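Note sheet for the following structure.
This structure is a prediction, so every number in the text was calculated from the model and none was measured.
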Amino acid sequence: MSDEAQSSLDSIWQSEDPIFTNKELLDIEHIPDEERIIGRDDEISNLANGIHPAIRGGKPRNTIIYGKTGTGKSLVAKHVTQSAERFAQKEGTHLARAYIDCTQTTTETQVVIKLARSFNDSEKTDISVPLSGLSTNAYYDRLWNVLDTLHDVVIIILDEIDKLQENNVLMQLSRAGEAGKLESCKVGIVAISNKISFKDSLDERVLSSLQEREFIFPPYDANQLREIMRHREDAFHEGVISDEVIPLAAAFAAQEHGDARKALDILRNAGELAKDDGSDLVLEEHVRDAREQADIDRFSKLLQDQPTQSKAAVYALSLLADGQKQEEFSTREIYEQYEQLTKTLDIDALSQRRMADRLNEQAFLDILGITDRVGRGRGKGMTNFYYLLEDPEVVQTAIGSDQRFSDVE
């Protein structure tokens, strides 16, 4: 490296960030102080009342929390359980908590392994929990031993629980004491779902063992979104944000069903764009560009691990929807577009039925929407119609980041 290049690099390391002072405040995973949690006082109280017995070693109530993405469900669950852990320690109760993201940890065995590893301290228990190599029952046995050896109470947050491939883990965890698997440790479950119909997927045995309470988080309105961002404004240097930035970001997020996650993403991305531009201020234009980028980033994240055939099916739907008033399309219409696309991509076309299976998988992952309609004419069955949850341009840009789709027009 030349002296000039080294000097330039040194100046970057030594310089102060011109836009941000504490960007972590804009991270949705960050658990802020309680005064920064806006519009969720009732929800905090409801969850805390259910957990309260755990402070002194009692069994916490199982709870299911519903609400759309970005309504503060995970934030409140993490905040309340963190506070409970702190107060339990003052009471001499060993309360521990674990957080499971069920979009990443999708099987019963994966959940049990992660819980056992989260709650274990091998130096105290002399129990090892390998990442693979044991049966599910063996992992359960190690989990029960860890819990009884180390903890009085544990609280388990299962986020986006509707993404679990099976629900047996709910019954095992909720009935562990009753079934004699645990001798002393109490287990409480906080299940979080974006789908209010989640309970419909549970059989009677699971519902009976859970004996849960449930409540719904409403979307934030534009005023609450503005307050959320105002309470995190100190992520930026003073005077860096122009007056229109927060109201505009709040308005955009309010249009997305009151999604605070999106509001903070837009605000953070706007700051990044201003920094990249060499601007001293975060301006309205940065917010508008950041909104589009936030949509693309979210969709790219959803699709990043999807196979090429699934991306091709979604891309075919985006091509149909682009510039048309029609929003929903039948499997047959999508398949005709999909077949043309596979020729452009030089990949084998799946059968219509197998492509429909891929579309159904994407609908389950909330990448697409799906409706059922009764077919016309005698003897006709149900026909699936699919629609995009994002603008076609966003979908095409996100999928276009995959090199295989870069030349599709």
Close side-chain approach of Thr81 to Ile51, heavy-atom, < 4.5 Å: yes
Any side-chain donor-acceptor pair under 3.5 Å between Thr107 and Gln165? no
Taking the basic N atoms (NZ, or NE/NH1/NH2) and the acidic carboxylate oxygens, is any pair closer than 4.0 Å for Asp234 and Arg36? yes
Check whether Phe198 forms a cation-pi arrangement with Lys195 (NZ or CZ under 6.0 Å from the six-membered ring centre, at most 45° off the ring normal). no
Are the side chains of Pro392 and Gln396 in touch, meaning some heavy atoms are under 4.5 Å apart? yes
Give a yes or no on this: more than 12 heavy atoms of other residues, nucleotides or ligands lie within 6.0 Å of atom CG of Asp121. yes
Report yes or no: do Thr71 and Arg40 form a side-chain donor-acceptor pair below 3.5 Å? no
Arg261-Thr69 side chain donor-acceptor pair, cut-off 3.5 Å: no
Measuring from atom OH of Tyr387 to atom CD of Glu327, what distance do you get when rounded to the nearest 0.5 angstrom? 9.5 Å
Here the pair of heavy atoms bringing Ala253 nearest to Ala263 is CB-CB, 3.6 Å
Taking the side chain from Thr105 and the backbone from Ile100, do they hold a donor-acceptor pair closer than 3.5 Å? no
Glu292, CD: over 12 other non-hydrogen atoms inside 6.0 angstrom: no
Under 3.5 Å: donor-acceptor pair, side chain of Tyr338, backbone of Gln352: no
Check this for me: does any side-chain nitrogen of one of Asp265 and Arg268 sit under 4.0 Å from a carboxylate oxygen of the other? yes
Under a 3.5 Å distance rule, please check whether Arg142 uses its side chain to pair with a backbone N or O of Ser128 as donor and acceptor. yes
Give me the atom names and distance for the closest heavy-atom approach of Ser193 to Asp162. OG-OD1, 2.6 Å
Side chain to side chain contact (heavy atoms under 4.5 Å, CB included) filter on Leu248, not counting sequence neighbours, yields Phe252, Glu284, Val287, Arg288
Testing the basics here: between Arg232 and Asp27, what is the closest heavy-atom pair and its distance to 0.1 Å? NH1-O, 3.7 Å
Does any donor atom in the side chain of Asn120 or Thr125 lie under 3.5 Å from an acceptor atom in the other side chain? yes
Residues in side chain to side chain contact (heavy atoms under 4.5 Å, CB included) with Thr397, at least two apart? Ile296
Test item: Gln340 and Gln337 side chains (from C-beta on) under 4.5 Å apart, heavy atoms: yes
If I compare all heavy atoms of Ile113 with all of Leu131, which pair ends up nearest, and what's the gap? CD1-O, 3.5 Å
For residues 34-86, the ring-ring contact (aromatic ring centres under 6.0 Å, His included) pairs (sequence neighbours left out) are none
Quick one about Thr103 and Asp101 (side-chain donor to acceptor, distance below 3.5 Å, no hydrogens or angles considered), yes or no? yes
Quick one about Glu339 and Thr342 (side-chain donor to acceptor, distance below 3.5 Å, no hydrogens or angles considered), yes or no? no
Going by distance alone, is a donor N or O of one side chain under 3.5 Å from an acceptor N or O of the other, for Thr93 and Glu91? no
Does Asp221 use its side chain to pair, donor to acceptor, with the backbone of Gln224 at less than 3.5 Å? yes
pair Gln362-Leu317: side-chain heavy atoms closer than 4.5 Å: no
For the side chain of Asp277 and the backbone of Ser279, is there at least one donor-acceptor N/O pair under 3.5 Å apart? no
Taking all non-hydrogen atoms of both residues, which atom of Glu166 and which atom of Thr106 are closest, and how far apart? OE2-O, 4.1 Å
Between the main-chain N or O of Glu333 and the side-chain N or O of Glu336, is there a donor-acceptor pair closer than 3.5 Å? no
Cationic N near anionic O, under 4.0 Å, Lys68 to Asp259: no
Before you tell me yes or no, could you show the steps for Tyr315 and Phe405 under ring pair (Phe, Tyr, Trp, His ring centres under 6.0 Å), namely the whole-Å CA-CA distance, both residues' side-chain angles and the distance that decides it to 0.1 Å? CA-CA 9 Å; Tyr315 202 100; Phe405 290 82; 5.6 Å; yes
Cationic N near anionic O, under 4.0 Å, Glu43 to Lys73: no
With heavy-atom distances below 4.5 Å as the criterion, would you say the side chains of Gln309 and Ile347 are in contact? yes
Residue pairs meeting ring-ring contact (aromatic ring centres under 6.0 Å, His included), one or both in residues 218-245, sequence neighbours left out, come to Phe20-Phe236
Any side-chain heavy-atom pair of Ile370 and Phe385 under 4.5 Å: no
Would a 4.5 Å heavy-atom cut-off, applied to side chains only, mark Glu160 and Ile192 as touching? no
Can you run down the ring-ring contact (aromatic ring centres under 6.0 Å, His included) pairs that involve residues 153-183, sequence neighbours left out, and say none if there aren't any? none
Keeping to residues at least two apart or across chains, list the ring-ring contact (aromatic ring centres under 6.0 Å, His included) pairs with something in residues 136-171. His94-His151, Phe119-His151, Tyr140-Trp144
If you count every heavy atom of other residues, nucleotides or ligands that lies below 6.0 Å from Arg213 atom CZ, does the total exceed 12? yes
Side chain of Asn49, backbone of Ser45: donor and acceptor closer than 3.5 Å? yes
Donor-acceptor check, side chain of Ser310 to backbone of Gln306, threshold 3.5 angstrom: yes or no? no
Side chains of Ser184 and Asp148 only: does a donor on one sit below 3.5 Å from an acceptor on the other? yes
Given the rule in the salt bridge (Lys or Arg N to Asp or Glu O under 4.0 Å) test, do Glu227 and Arg230 qualify, once you have shown the distances and angles that lead to the verdict? CA-CA 5 Å; Glu227 281 300 300; Arg230 292 289 182 206; 5.9 Å; no
Side chains of Asn269 and Gln293, donor plus acceptor under 3.5 Å: no
Is Gln82 atom CD crowded by more than 12 heavy atoms from other residues, nucleotides or ligands, each under 6.0 Å away? yes
In plain terms, say whether Asp402 and Lys311 are close enough for a salt bridge, that is, a side-chain N and a carboxylate O under 4.0 Å apart. yes
Any side-chain donor near an acceptor of the partner, Ser74 and Asp159, under 3.5 Å: yes
Asp391 side chain to Val394 main-chain N or O, any donor-acceptor pair under 3.5 Å? no
Do Asp17 and Lys275 pass the side-chain contact (heavy atoms from CB on, under 4.5 Å) test, and can you show the C-alpha distance, the side-chain angles, and the key distance before you say yes or no? CA-CA 8 Å; Asp17 190 314; Lys275 183 178 174 181; 3.0 Å; yes
Gly239 versus Leu281, closest heavy-atom pair with distance: O-CD2, 3.2 Å
Worked check of side-chain contact (heavy atoms from CB on, under 4.5 Å) between Val190 and Leu158: CA-CA 6 Å; Val190 179; Leu158 297 171; over 6 Å; no
Is atom CG of Asp348 surrounded by more than 12 heavy atoms (other residues, nucleotides or ligands) closer than 6.0 Å? no
Report yes if some heavy atom in the side chain of Phe215 is under 4.5 Å from a heavy atom in the side chain of Thr63; otherwise report no. yes
Do Thr331 and Asn384 get their side chains close enough for a donor-acceptor pair, meaning under 3.5 Å? no
More than 12 heavy atoms from other groups under 6.0 Å of CG on Asp126: no
More than 12 heavy atoms of other residues, nucleotides or ligands under 6.0 Å from CZ of Arg117: yes or no? yes
